[in-house]
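A short write-up of the structure that comes next.
Hydrogens, waters and symmetry mates play no part in the numbers below; they use all other heavy atoms, side chains included.
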Amino acid sequence: MDDEIRTFADGRPAVPPYREQARARARERLIEEARGRRGFRLPRLGWQAVAAFGVTVALVGGVTVALSNQGGQSITATPGGDQSAVMAGTDFAELDPRPGQFILVESDTMYGSFAFGDEGKETRHLYRTHRKIWQSVDGAADGLLYIEGREPRPWPDGRELPASARGWQGADWSPLASCPGTLGPAARRDYAYLSTLPADPAKMREHLYRASAPSPGKDVDADQAAFTHAGDLVRETYLPKAQRDALFEAVKTIPGVQVADGVADSAGRTGVALGLPESDGTLSQLIFDPATHLVLGERATVVDPAAAQAPAGSVVALTAQLKISVVDSLPRQLPRDPKDVTCEQPRPAEPPTDESAAPTPIPD
């Protein structure tokens, strides 16, 4: 499916759509519908802006971390032993997920939706969703995805919302297969695996290039692929602090990456953005909290009006990752539909080991 908006009108989707490169990776991963859509060329995942931050949220059976830079940290224990921690710079309380638990990430997204009408003309608009995704800490159990439609916005080219933007109301639950034994190292996103990634920036950089190296014969820009893979590792996941720090420093060394301070996510929180120009005429950015290096959100702005079909500086993607929680169980169980999600897929090809897989030298 290429239009997530239609899923709310037509019934439960197999997976929400993302940009093509991330969709291909998501199909390999099988773990979540389209968690990847890493850049912002095609539709994909979704997140929301919150009315108030700095509040303590209790969630049964786990620890909730609200991503906020409102200042001050509070940790509150409920009678049931639950805990909530509000992120505040260096006072952020790191999570300690255990086997058998789940990582819950709540987010809001806005991405571009591209479709073709009956007359063959392309239509564009910005679709918005709120998402909750539960993933097994050790990959031993299936996960769960909840998507809720939010009111779309017109593409910033002066045209009205197309008819394809109708039907955005609604919500959907989908099971997510966990297949750690089937997936290759480039596709796993469970905490047990992420915690084994390099804590050294140079080694993390090598990992980004090696894990994202294309199969022989595929014409893929190595630097772009490494940047894309970095986003995949931090989007709707929980990466330990040592690995987050290493990844942040590694991404800064990718040729073409631009560093910008004070970039805001869709919730209004500001951070350090690491961005790379895309072939669709946008600058795609990952926004990191400067102290914790947690990803606050993503943004894409137009840098080539002709390619993006929008005025320079227009925001055509904007997200906010709102909360990361550790919970003991899923809020509901859904039957697995073999047509939608299954582990019966071929294992992704291992990255090549020849010179084509070598990372671009670190610029002087």
Completion exercise
In terms of heavy-atom contacts, A177 and D142 come closest through CA-OD1, 3.5 Å
Exercise for the section: Carefully, step by step, assess L145 and R131 under the rule side-chain contact (heavy atoms from CB on, under 4.5 Å). Expected result: CA-CA 7 Å; L145 172 68; R131 291 166 59 94; 3.6 Å; yes
Exercise for the section: Measure the CG-NZ distance between L208 and K203 for me, rounded to the nearest 0.5 Å. Expected result: 14.5 Å
Fill in the blank from the handout: A273 and V263 have their tightest heavy-atom pair at CB-CG2, 3.6 Å
Practice task
Using the side-chain contact (heavy atoms from CB on, under 4.5 Å) rule, take S284 and L276 through it: C-alpha gap first, then chi angles, then the decisive distance, then the call.
Solution key: CA-CA 5 Å; S284 180; L276 192 66; 5.8 Å; no
Handout entry: Donor-acceptor under 3.5 Å (W155 side chain, Q309 main chain)
Key = yes
Exercise for the section: May I ask you to test the L197-H207 pair for a side-chain heavy-atom distance under 4.5 Å? Expected result: yes
Problem - Side-chain ion pair, E236 and R189, N-O less than 4.0 Å - result: no
Handout entry: Test: E122 and R124 ion pair at under 4.0 Å
Key = yes
Practice task
State, with a plain yes or no, whether a side-chain heavy atom of Q101 is found less than 4.5 Å away from one of V327.
Solution key: no
Handout entry: Beyond-backbone contact of T282 with T301, side-chain heavy atoms, under 4.5 angstrom
Key = no
Problem - Polar side-chain atom of R269 near backbone of L296 as donor-acceptor pair, under 3.5 Å - result: yes
Exercise for the section: Look only at the side chain of S178 and the backbone of G139, and say whether a donor-acceptor pair between them is shorter than 3.5 Å. Expected result: yes
Handout entry: Validation row: T319, D265 side chains within 4.5 angstrom (heavy atoms)
Key = no
Problem - Shared hydrophobic cluster, V315 / F114 (ILVMFWY, side-chain heavy atoms < 4.5 Å) - result: yes
Problem - CD-CG distance between E206 and D200, expressed to the nearest 0.5 angstrom - result: 8.5 Å
Exercise for the section: Taking the side chain as every heavy atom from C-beta outward, state whether Y146 and I133 have any pair of such atoms under 4.5 Å apart. Expected result: no
Exercise for the section: Output the distance between atom OG1 (T253) and atom CE (M204), rounded to the nearest 0.5 Å. Expected result: 11.5 Å
Practice task
Evaluate the side-chain proximity of W168 to H125: yes if any heavy-atom separation is below 4.5 Å, no if none is.
Solution key: no
Fill in the blank from the handout: To the nearest 0.5 Å, atom CD1 of I103 lies from atom CG of L95 at 6.5 Å
Handout entry: Step-by-step side chain to side chain donor-acceptor pair (under 3.5 Å) determination, R150 to T129
Key = CA-CA 5 Å; R150 296 291 165 88; T129 68; over 6 Å; no
Handout entry: Distance-only polar pair, side chains of D138 and Y193, donor-acceptor under 3.5 Å
Key = no
Handout entry: Carboxylate-amine/guanidinium proximity below 4.0 Å for R244 and E249
Key = no
Problem - Test log, rule side-chain contact (heavy atoms from CB on, under 4.5 Å), inputs E106 and L104 - result: CA-CA 7 Å; E106 301 182 46; L104 165 61; 4.1 Å; yes
Problem - A320 backbone acceptor or donor facing S107 side chain under 3.5 Å - result: no
Problem - Residue list, side-chain hydrogen bond (donor to acceptor under 3.5 Å, both in side chains) with R159, at least two apart or on another chain - result: D157
Problem - Side-chain heavy atoms of R128 within contact of P152, under 4.5 Å - result: no
Exercise for the section: Report the residues that fulfil salt bridge (charged side-chain N to carboxylate O under 4.0 Å, His left out) with K241, sequence neighbours left out, ordered by chain and then residue number. Expected result: D245
Practice task
Apply the test side chain to side chain donor-acceptor pair (under 3.5 Å) to residues Y238 and Q135: give CA-CA distance (whole Å), side-chain angles for both, the deciding distance (0.1 Å), then the verdict.
Solution key: CA-CA 10 Å; Y238 180 63; Q135 296 182 89; over 6 Å; no
Practice task
Kindly write out the residues that satisfy ring-ring contact (aromatic ring centres under 6.0 Å, His included) with F102, not counting sequence neighbours, or none if the list is empty.
Solution key: none
Practice task
List for me each residue that meets side-chain hydrogen bond (donor to acceptor under 3.5 Å, both in side chains) alongside Q258, sequence neighbours excluded, and say none if there are none.
Solution key: none
Practice task
Walk me through it: do V251 and L247 pass the test side-chain contact (heavy atoms from CB on, under 4.5 Å)?
Solution key: CA-CA 6 Å; V251 171; L247 183 138; 3.9 Å; yes
Handout entry: Spatial distance of atom NZ (K132) from atom CD1 (I147) [nearest 0.5 Å]
Key = 13.0 Å
Practice task
Supply the atom-to-atom distance Y191 OH to Q243 CD, rounded to the nearest 0.5 angstrom.
Solution key: 8.0 Å
Handout entry: Taking every non-hydrogen atom, the tightest pair across A141 and S136
Key = O-CB, 3.2 Å
Exercise for the section: Report yes if the side chains of P290 and V272 come closer than 4.5 Å at any heavy-atom pair, otherwise no. Expected result: yes
Problem - Side-chain donor-acceptor contact under 3.5 Å, Y111 with E298 - result: yes
Fill in the blank from the handout: Residue pairs passing the ring pair (Phe, Tyr, Trp, His ring centres under 6.0 Å) test with at least one member in residues 254-310, sequence neighbours excluded, are F248-F288, F248-H293
Exercise for the section: Applying side-chain contact (heavy atoms from CB on, under 4.5 Å), name anything that partners V303, two or more places apart in sequence or on another chain. Expected result: L283
